[in-house]
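Notes follow once the structure below has been shown.
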Amino acid sequence: MSLSGLDLNLVLSLRALLEERNVTRAGQRVGLSQPAMSAALARLRRHFDDELLSRVGRQYELTALGRALLDRTATACDLLERVFTSRADFAPGSEEHEFTLLTSDYALTVFGAELAHTVHAEAPGVRLRFRRTPGDVTEDTETLLRTADGLLMPHGVFSGFPAVELFADRWVFLVAEANDEVGDRLTLDDLARLPWVTYQRTYDAPAARQLSMLGIEPRVEVSVDSFQALPFLVAGTRRIALVQQRLAELLSGVAAVRPMEAPYGAVPLQEALWWHPVHAHDAAHIWLRETAARVGAQLAATEPGRIASLSPGQRPVPDRYPPAG
């Protein structure tokens, strides 16, 4: 089908109709009168040969095709916005721009806060929007990357896309301070015997996947989509959790837990900013990648073990720019 015969404004109308499920509200959202939006709906129905919205009682419900188009239309609108906001040059000191980054709460806490500090100092008109990484990130990574400026994710989860290297981290285990079943050293027997609390899926991290090669199948008692919640779900219990050392240090003292070395050679974590090649030559995105690399390099220069003793103003940020405020 040729796009030359289509009115791309209908994409915005379609998204508003599918999300609002109401002609009047959809028209208000995109700045069209109720008759104009009704006309747009009629055109869309003719194009798709489908009602898209069908009345059920006093409300409209999406048809099967309408439900299928809901996510696709949102993705299409995001892509169109990125196409028409692309720039040949970018002046960070005077530009207004918004970047969307997908991230876990770990990367947001350890790296995102430092990136935001630097962006505020260097480009006060730039906004950062952090969104939680979906659990199915590996199922359609390309589409996900097309709808964002980047994804903060360690190596070992997926590959095949360009990435900016940021910093390294180590894995440690957390046990409750009052857990007298664990001595001064954690053992492989402890890992097999004690219940676990994990981030999403047990084997998301290569360090956890190593356990299968050691013949250990973690007995997962609690699974959660927040790394920051792990200490609270360990404190006062028999549970153990695998967590990044930098995050464990930043959260030191918030829960009655103690970090312990892994009883095996846990592979380290290398955090990266992944991005879609469609952004390769966009000036604003190039600036974002270069800024992320600088912040990552400064963070990497501070070894785990020192971070928790530093105040936010003392934590590593690029020194080429004046401090915020």
Side-chain angles (χ1 to χ4, degrees), residues 103-114 132-133 135 152 154 156 167-271 299-300 302-316:
T103 178
S104 66
D105 63 329
Y106 155 70
L108 176 59
T109 302
V110 173
F111 174 78
E114 305 296 353
R132 184 180 294 275
T133 304
L152 296 171
F167 61 91
D169 207 343
R170 299 174 64 249
W171 292 98
V172 296
F173 281 89
L174 297 180
V175 301
E177 288 181 353
N179 188 347
D180 56 10
E181 295 184 52
V182 179
D184 293 334
R185 292 178 179 274
L186 201 62
T187 67
L188 291 177
D189 179 67
D190 292 331
L191 302 188
R193 175 175 52 85
L194 295 172
W196 283 55
V197 52
T198 66
Y199 174 77
Q200 292 187 352
R201 297 177 296 268
T202 308
Y203 292 107
D204 278 347
R209 292 198 297 267
Q210 286 179 266
L211 293 173
S212 63
M213 294 183 287
L214 298 172
I216 296 175
E217 184 71 27
R219 183 161 59 88
V220 179
E221 189 171 89
V222 178
S223 179
V224 65
D225 66 352
S226 167
F227 282 109
Q228 292 191 45
L230 295 179
F232 302 97
L233 293 169
V234 168
T237 74
R238 299 176 60 244
R239 303 183 192 116
I240 58 175
L242 187 64
V243 69
Q244 305 89 343
Q245 184 175 355
R246 291 181 186 272
L247 181 63
E249 291 171 356
L250 289 173
L251 297 178
S252 176
V254 301
V257 296
R258 50 182 170 137
M260 305 194 74
E261 292 287 336
Y264 62 98
V267 294
L269 175 157
Q270 178 62 46
E271 192 73 14
L299 187 59
T302 304
E303 292 292 332
R306 286 192 58 235
I307 298 175
S309 65
L310 303 180
S311 67
Q314 295 175 313
R315 291 174 192 161

_Residue pair Leu191, Leu211: steps toward the side-chain contact (heavy atoms from CB on, under 4.5 Å) verdict_ = CA-CA 9 Å; Leu191 302 188; Leu211 293 173; 3.9 Å; yes
*Taking atom types as modelled and ignoring hydrogens, do the side chains of Thr109 and Gln228 form a donor-acceptor contact shorter than 3.5 angstrom?*
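Result is yes, a qualifying pair exists.
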State, to 0.1 Å, how close [X] and [Y] come at their nearest heavy-atom pair, and which atoms those are.
X	Y	value
Pro195	Arg238	CD-NH1, 3.5 Å
Leu247	Tyr106	CB-CD1, 3.8 Å
Ser104	Thr133	N-OG1, 3.7 Å
Leu194	Glu181	CD2-OE1, 3.6 Å

Please answer whether the main-chain N or O of [Y] pairs with a side-chain N or O of [X] as donor and acceptor at a distance below 3.5 Å.
X	Y	answer
Arg246	Phe111	no
Arg239	Leu233	yes
Gln270	Phe167	yes
Thr103	Leu152	no
Tyr199	Ala241	no
Asp105	Phe227	yes
Gln210	Val267	yes

Could you tabulate the donor-acceptor pairs under 3.5 Å formed by side-chain atoms of residues 170-178, not counting sequence neighbours?
residue : atom : partner : partner atom : Å
Arg170  : NH1  : Gln245  : OE1          : 2.5
Arg170  : NH2  : Glu261  : OE1          : 2.6
Arg170  : NH2  : Glu261  : OE2          : 3.3

*Measuring from Leu188:CG to Tyr264:OH, what's the distance to the nearest 0.5 Å?*
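Taking CG in Leu188 and OH in Tyr264, the distance rounds to 8.5 Å.
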*Could you give the distance from OG (Ser226) to CD (Gln200), rounded to the nearest 0.5 Å?*
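Interatomic distance, Ser226 OG to Gln200 CD, rounded to 0.5 Å: 10.0 Å.
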*Of all residues at least two apart in sequence or in a different chain, which pass the side chain to side chain donor-acceptor pair (under 3.5 Å) check with Asp190?*
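Partners of Asp190 under the side chain to side chain donor-acceptor pair (under 3.5 Å) test: Thr187, Arg193.
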*Kindly write out the residues that satisfy side chain to side chain donor-acceptor pair (under 3.5 Å) with Thr237, not counting sequence neighbours, or none if the list is empty.*
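Counting only residues at least two positions away or on another chain, Thr237 forms no side chain to side chain donor-acceptor pair (under 3.5 Å).
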*Test log, rule side-chain contact (heavy atoms from CB on, under 4.5 Å), inputs Met260 and Val182*: CA-CA 10 Å; Met260 305 194 74; Val182 179; 3.6 Å; yes
*Do Asp169 and Glu271 have side-chain heavy atoms sitting under 4.5 Å apart?*
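Not touching, per the 4.5 Å side-chain cut-off.
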*asked:* Let's go through Val222 and Thr198 carefully: what are the C-alpha distance in whole Å and the side-chain angles of both, what is the deciding distance for side-chain contact (heavy atoms from CB on, under 4.5 Å) to 0.1 Å, and is it a yes or a no?
replied: CA-CA 6 Å; Val222 178; Thr198 66; over 6 Å; no
